[in-house]
Amino acid sequence: VRVLRRMTGLNISDEPRAIPILHHDLFNYPMIYSSEAGQMQLDHSEARVLREYLTRGGFWMVDDFWGTVEWASFEKEMRKIFSERPIVDIPLTHEIFHSFYDIDGLTQVPNIGYAYIQRPVTWEQDGYQAYARGIFDDSGRLLVFINFNTDLMDASEWADEPHYPQRFSAYAYKIFTNSVIYAISH
């Protein structure tokens, strides 16, 4: 939060808020963030509320889920929200990659374990390549920003850890900043 405030000048709460999908305050937030969405299970009411939230102008950033098994589970849950809207790869020319910082390529961001193993790898399960995917509305507005086979939040959380590579944290901060700017401007 401090980095985002310093870099953008936005007036942001010092503390993040974790609220359930069905909480009455959900519609007061222009952006929501979910981690480990490959394990998400939505009931009918939650799917209906998320659909309404997104179609009324909300923005949802999804992060930190890996591999074909978690992708299949995530895709199944997303069909509960938008059965008629496809999940598509987002081209690097899209505004989400240029709303504040210019991001010209995707980086697969590993979890904190990367910093402490002898032969580090950036992937988990069978998620060898990072993807940026999305769901768009009829006018082309990005509703759901899906960061798959990557762990952007770990890179933000461990930015001060001397063993965790700065290149991952810098990339994650750029993606998060762009996402917030996109969410409040679209």
Side-chain angles (χ1 to χ4, degrees), residues 16 18-23 26 29 31-97 103 105-114 117 119-158 168 171-172 174-176 178-180 182-183 186:
I19 61 172
I21 294 167
L22 299 178
H23 195 278
L26 177 69
Y29 297 95
M31 178 180 174
I32 56 177
Y33 169 85
S34 295
S35 180
E36 298 186 17
Q39 301 170 32
M40 171 177 65
Q41 294 182 342
L42 301 171
D43 66 25
H44 175 73
S45 296
E46 292 166 331
R48 181 184 47 75
V49 166
L50 281 170
R51 180 183 178 95
E52 182 181 355
Y53 169 81
L54 295 165
T55 57
R56 284 178 46 187
F59 179 81
W60 185 11
M61 182 179 179
V62 179
D63 178 34
D64 188 17
F65 66 113
W66 302 78
T68 54
V69 172
E70 289 190 0
W71 178 261
S73 176
F74 173 77
E75 200 170 27
K76 177 183 169 203
E77 296 303 305
M78 293 309 294
R79 280 194 295 272
K80 292 178 183 178
I81 302 168
F82 290 118
S83 61
E84 77 287 6
R85 297 203 178 279
I87 297 172
V88 298
D89 289 329
I90 302 173
L92 289 170
T93 56
H94 188 272
E95 285 180 78
I96 195 77
F97 298 112
I103 298 170
L106 300 180
T107 298
Q108 186 170 54
V109 177
N111 68 33
I112 186 61
Y114 178 93
I117 59 178
R119 293 202 163 153
V121 296
T122 58
W123 50 271
E124 293 180 29
Q125 300 176 42
D126 62 347
Y128 304 112
Q129 179 180 348
Y131 292 94
R133 294 178 171 156
I135 298 175
F136 292 84
D137 69 10
D138 291 339
S139 66
R141 182 177 72 87
L142 181 60
L143 305 172
V144 184
F145 182 34
I146 305 161
N147 296 278
F148 175 56
N149 290 339
T150 194
D151 191 349
L152 299 168
M153 185 55 76
D154 247 28
S156 299
E157 290 173 322
W158 296 103
F168 296 133
Y171 174 78
K174 288 177 183 181
I175 290 286
F176 279 118
N178 280 15
S179 297
V180 169
Y182 185 89
H186 288 79

Exercise for the section: Run the ring-centre check on W60 versus F145 and record whether the distance is less than 6.0 Å. Expected result: no

Exercise for the section: Decide if the gap between the ring center of F136 and the ring center of H94 is smaller than 6.0 angstrom. Expected result: yes

I need the [X] [atom1] to [Y] [atom2] distance, nearest 0.5 Å.
| X | Y | atom1 | atom2 | answer |
| --- | --- | --- | --- | --- |
| D138 | T55 | CG | OG1 | 11.0 Å |
| R133 | W71 | CZ | CH2 | 4.5 Å |
| H186 | S139 | NE2 | OG | 10.0 Å |
| M61 | Y182 | CE | OH | 13.5 Å |
| D137 | L142 | CG | CG | 9.0 Å |
| I90 | I146 | CD1 | CD1 | 7.0 Å |

Ignoring hydrogens, what is the shortest heavy-atom contact between [X] and [Y]? Give both atom names and the distance.
| X | Y | answer |
| --- | --- | --- |
| A183 | M31 | CB-CB, 3.8 Å |
| F59 | S179 | CE2-O, 3.9 Å |
| N178 | I103 | ND2-CD1, 3.6 Å |
| L26 | Y53 | O-CE1, 3.5 Å |
| G38 | S73 | O-OG, 3.1 Å |
| G127 | Q108 | O-NE2, 2.7 Å |

Exercise for the section: Determine, stepwise, if the pair M40 / F74 fulfils side-chain contact (heavy atoms from CB on, under 4.5 Å). Expected result: CA-CA 7 Å; M40 171 177 65; F74 173 77; 3.8 Å; yes

Less than 4.5 Å apart, side chain to side chain, heavy atoms only: is that true for [X] and [Y]?
| X | Y | answer |
| --- | --- | --- |
| S34 | D63 | no |
| M78 | I87 | yes |
| F176 | Y33 | yes |
| H23 | Y29 | no |
| W123 | N149 | no |
| R85 | I135 | yes |
| V62 | V144 | yes |
| W66 | D151 | yes |

Handout entry: SB check R48 D43 (cutoff 4.0 Å)
Key =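 Salt bridge: no.
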
Handout entry: Pair E84 + R51, salt bridge at N-O below 4.0 Å
Key = yes

Exercise for the section: Take L143 and F82, measure what side-chain contact (heavy atoms from CB on, under 4.5 Å) needs, and give me the verdict at the end. Expected result: CA-CA 11 Å; L143 305 172; F82 290 118; 3.8 Å; yes

Exercise for the section: Indicate whether any N or O donor in one side chain lies under 3.5 Å from an N or O acceptor in the other, for T68 and D126. Expected result: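 Looking only at side-chain atoms, D126 and T68 do form a donor-acceptor pair, the distance falling under 3.5 Å.
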
Problem - E124 (side chain) donor-acceptor with D64 (main chain) under 3.5 angstrom - result: no

Handout entry: Backbone of L42 reached by a side-chain donor or acceptor of E77 within 3.5 Å
Key = yes

Exercise for the section: Can you spot which of T122, L152, T150 makes a side-chain contact (heavy atoms from CB on, under 4.5 Å) with F168? Expected result: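 That would be T122.
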
Exercise for the section: Check the pair L54 / E52 against side-chain contact (heavy atoms from CB on, under 4.5 Å), numbers first and verdict last. Expected result: CA-CA 5 Å; L54 295 165; E52 182 181 355; over 6 Å; no

Handout entry: E157: partners by salt bridge (charged side-chain N to carboxylate O under 4.0 Å, His left out), with sequence neighbours left out
Key =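 E157: no salt bridge (charged side-chain N to carboxylate O under 4.0 Å, His left out) contacts found.
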
Handout entry: With sequence neighbours excluded, residues passing side chain to side chain donor-acceptor pair (under 3.5 Å) with Y128
Key = none

